[in-house]
Amino acid sequence: MKSKQFSRRDLLKKGGLSLFTLALMPNDVWSANVIEAQKSNSPFLYSSKNTFNEFTPPVLNEIEDSLVILRSNENPYGPPPEAVKAFQNEVFKGNRYAWNTLKELEAKIVKNEGVTPDQILMGPGSSDLLEKVGMVFFSEGGNVVSADPSYMSLIVVAKSVGGEWKSYKLLDDAQHDLDAMEAGVDENTKLVYICNPNNPTGSITDAKKLKEFCRRVSKKVPVFVDEAYIELSKNGIEDSMNSLVAEGENVIVARTFSKIHGMAGLRIGYVIGKKETLERISEITRGGMGITGPTIAAASTSLDNDAFLIDCKAKITEARDYTMSYLKANKFSYLPSETNFIIFEISMDGEKFLEKIYGKNVAVRAFKFWDKNWCRVSIGTLDEMKAFTNAISEIFA
């Protein structure tokens with residue numbers, strides 16, 4: 001059944017989204033929440049009845065070159081040099097729309113993912129598409145089933161337009177509690193959202209169990225699997241759910257060039273899914289129109305640059321192992337990670353901790369969930385991680 005057409009004005013009436021937030025959607029929602037929380041002196045970025053929340057970072061002049069930014073899970077080594085050259089060359093064609101180069105990129109992705117051209121939708125980063133899914137699926141209410149904690153982009157937008165979040169705590173080994181999530185699907189569930197590897201925990205759920213889960217549950221409701229960090233995991237895209245899309249299951253898979261490809265600031269990503277599902281999302285977005293020609297050229301070139309990506313993964317793994325060894329040696333409890341970030345418990349209020357570590361020119365994130373305070377640190381270069389561990393040693397001396 002084709003979804004009802006609706007406008008931004010309709011969303012404002014139904015869900016209470018502010019004009020300010022809509023103007024920023026979808027890429028600047030986190031920054032907007034930070035600014036609003038800082039202005040109101042709120043300790044948390046979100047007001048949530050669920051157990052998961054994020055501490056508001058302190059106001060800081062972030063132009064200083066000395067600031068070590070380890071909070072947004074960015075790749076410190078990308079984009080690949082060849083992709084940078086492709087970006088620069090394409091700038092001279094900036095007077096033309098980039099539809100042809102976009103089609104060439106889509107053709108590469110279609111081949112890599114094993115899907116058909118009508119099963120892919122491009123966008124300016126995967127978060128843009130996550131949030132558009134939230135707008136479309138929950139414009140008339142319903143609930144989204146997801147983990148506690150989970151990546152909040154889709155969930156925050158879903159709640160903003162009238163949806164509800166049904167959260168299920170991760171298992172003791174930090175994998176998704178697939179049994180509880182499946183049991184939680186009811187007549188009001190519009191979508192199951194799974195971030196795998198999960199953000200903010202960095203943990204990964206067993207691919208075989210997840211695939212079986214997706215096969216069963218997608219018979220009832222769509223299952224959205226966010227694979228932003230899959231290339232950084234031990235098995236890489238071997239653990240992807242993309243084969244389910246190729247088989248025609250009601251599964252959506254999201255990918256981004258922001259992480260392993262090092263293009264967080266260039267904004268490009270995509271989803272693959274059923275043709276009918278992507279048509280619903282396309283009612284409110286022209287995904288390709290939001291991507292610049294130079295960015296498309298850079299992404300296409302990066303897909304052909306396996307050697308650079310493999311080298312990035314090796315360096316990130318080395319820095320992650322160093323950081324884990326430090327945490328273990330200093331008796332910090334951390335969750336297993338197969339990503340470019342680690343989350344660990346801190347014996348200090350998150351707001352106070354952020355003030356201290358920002359004061360040492362290191363920017364990380366702090367969360368509150370499971371009645372504990374946590375620090376999530378992104379993996380930078382080895383030197384950056386040493387700056388981080390030095391700061392932690394001083395704070396918890």
Side-chain angles (χ1 to χ4, degrees), residues 8-9 11-12 14-74 123-132 134-135 138 149-163 165 199-200 228 256 258 263-267 269 285 290 341 343 346 348-369 373-378 380 391:
R8 286 187 167 201
R9 187 179 298 276
L11 290 172
L12 283 169
K14 291 181 178 180
L17 275 175
S18 69
L19 283 170
F20 173 66
T21 303
L22 271 176
L24 290 170
M25 284 176 62
N27 295 322
D28 296 324
V29 173
W30 184 82
S31 297
N33 280 321
V34 169
I35 293 170
E36 290 300 303
Q38 289 173 338
K39 286 181 178 178
S40 61
N41 294 317
S42 171
F44 295 114
L45 296 188
Y46 310 109
S47 176
S48 173
K49 66 180 180 181
N50 297 77
T51 63
F52 175 68
N53 220 319
E54 180 177 354
F55 286 96
T56 303
V59 178
L60 183 69
N61 179 7
E62 300 186 6
I63 300 176
E64 299 178 12
D65 292 336
S66 60
L67 185 66
V68 178
I69 300 178
L70 301 172
R71 67 175 177 214
S72 298
N73 304 338
E74 297 149 333
S126 62
S127 289
D128 179 278
L129 296 168
L130 289 174
E131 291 157 6
K132 294 290 173 57
M135 294 169 69
F138 299 95
S150 182
Y151 183 55
M152 295 298 292
S153 185
L154 184 152
I155 295 165
V156 167
V157 172
K159 292 171 68 177
S160 295
V161 296
W165 179 29
N199 184 8
T256 182
S258 296
M263 299 186 185
L266 301 188
R267 309 311 306 142
T285 183
F341 58 90
I343 196 165
I346 50 175
M348 182 184 296
D349 176 76
E351 190 174 18
K352 181 180 179 182
F353 168 75
L354 286 178
E355 289 178 359
K356 286 183 174 293
I357 197 163
Y358 268 65
K360 296 184 182 297
N361 282 328
V362 177
V364 296
R365 303 277 273 269
F367 297 91
K368 179 86 172 182
F369 60 88
N373 291 300
W374 304 79
C375 168
R376 192 198 72 185
V377 58
S378 304

Asker: D128 versus R267: any side-chain heavy-atom pair under 4.5 Å?
Answerer: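 D128 vs R267: side chains apart.
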
Asker: If I compare all heavy atoms of L130 with all of S153, which pair ends up nearest, and what's the gap?
Answerer: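 Nearest heavy atoms, L130 then S153: CD1-CB, 4.3 Å.
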
Asker: Is there a side-chain contact between N361 and V68 (heavy atoms, below 4.5 Å)?
Answerer: no

Asker: Classify the ring geometry of F369 against F52: parallel below 30°, tilted from 30° to 60°, perpendicular beyond 60°.
Answerer: tilted

Asker: Taking side chain to side chain contact (heavy atoms under 4.5 Å, CB included) as the test, write out the residues that go with S150, two or more places apart.
Answerer: S146, A147, I155, Y193, C195, N198

Asker: Looking at every non-hydrogen atom in both residues, tell me the closest pair between P57 and L354 and how far apart they are.
Answerer: CA-CD1, 3.8 Å

Asker: Rounded to the nearest 0.5 Å, how far apart are CZ of R365 and OG of S378?
Answerer: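 Atom-to-atom, R365:CZ and S378:OG are 8.0 Å apart.
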
Asker: Indicate, with yes or no, if the rings of F55 and F367 have centres closer together than 6.0 Å.
Answerer: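 F55 vs F367: aromatic centres not under 6.0 Å.
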
Asker: Grab the two heavy atoms, one from G134 and one from V157, that are nearest each other, plus how far apart they are.
Answerer: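 That would be C-CG1, 4.2 Å.
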
Asker: Who are the salt bridge (charged side-chain N to carboxylate O under 4.0 Å, His left out) partners of K368, not counting sequence neighbours?
Answerer: none

Asker: Nearest 0.5 angstrom please: E131 CD to L129 CG, how far?
Answerer: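 So the CD of E131 and the CG of L129 are separated by 9.5 Å.
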
Asker: How far apart are the closest heavy atoms of K356 and M348, and which atoms are they?
Answerer: CD-SD, 3.9 Å

Asker: Which pair of non-hydrogen atoms, one from V362 and one from L67, has the smallest distance, and what is that distance?
Answerer: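 Minimum heavy-atom contact is N-CD1, 4.1 Å.
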
Asker: Please check if the side chain of N373 supplies one atom and the backbone of I346 the other of a donor-acceptor pair under 3.5 Å.
Answerer: no

Asker: Evaluate side-chain contact (heavy atoms from CB on, under 4.5 Å) for T56 paired with Q38, printing each intermediate quantity in order.
Answerer: CA-CA 7 Å; T56 303; Q38 289 173 338; 3.7 Å; yes

Asker: Minimum heavy-atom separation for E74 to A264, with atom names?
Answerer: CG-CB, 4.1 Å

Asker: Can you tell me how far CE of M135 sits from OG1 of T285, rounded to the nearest 0.5 angstrom?
Answerer: 9.0 Å

Asker: OG/S127 to CE/M152 distance, rounded to the nearest 0.5 angstrom?
Answerer: 13.0 Å

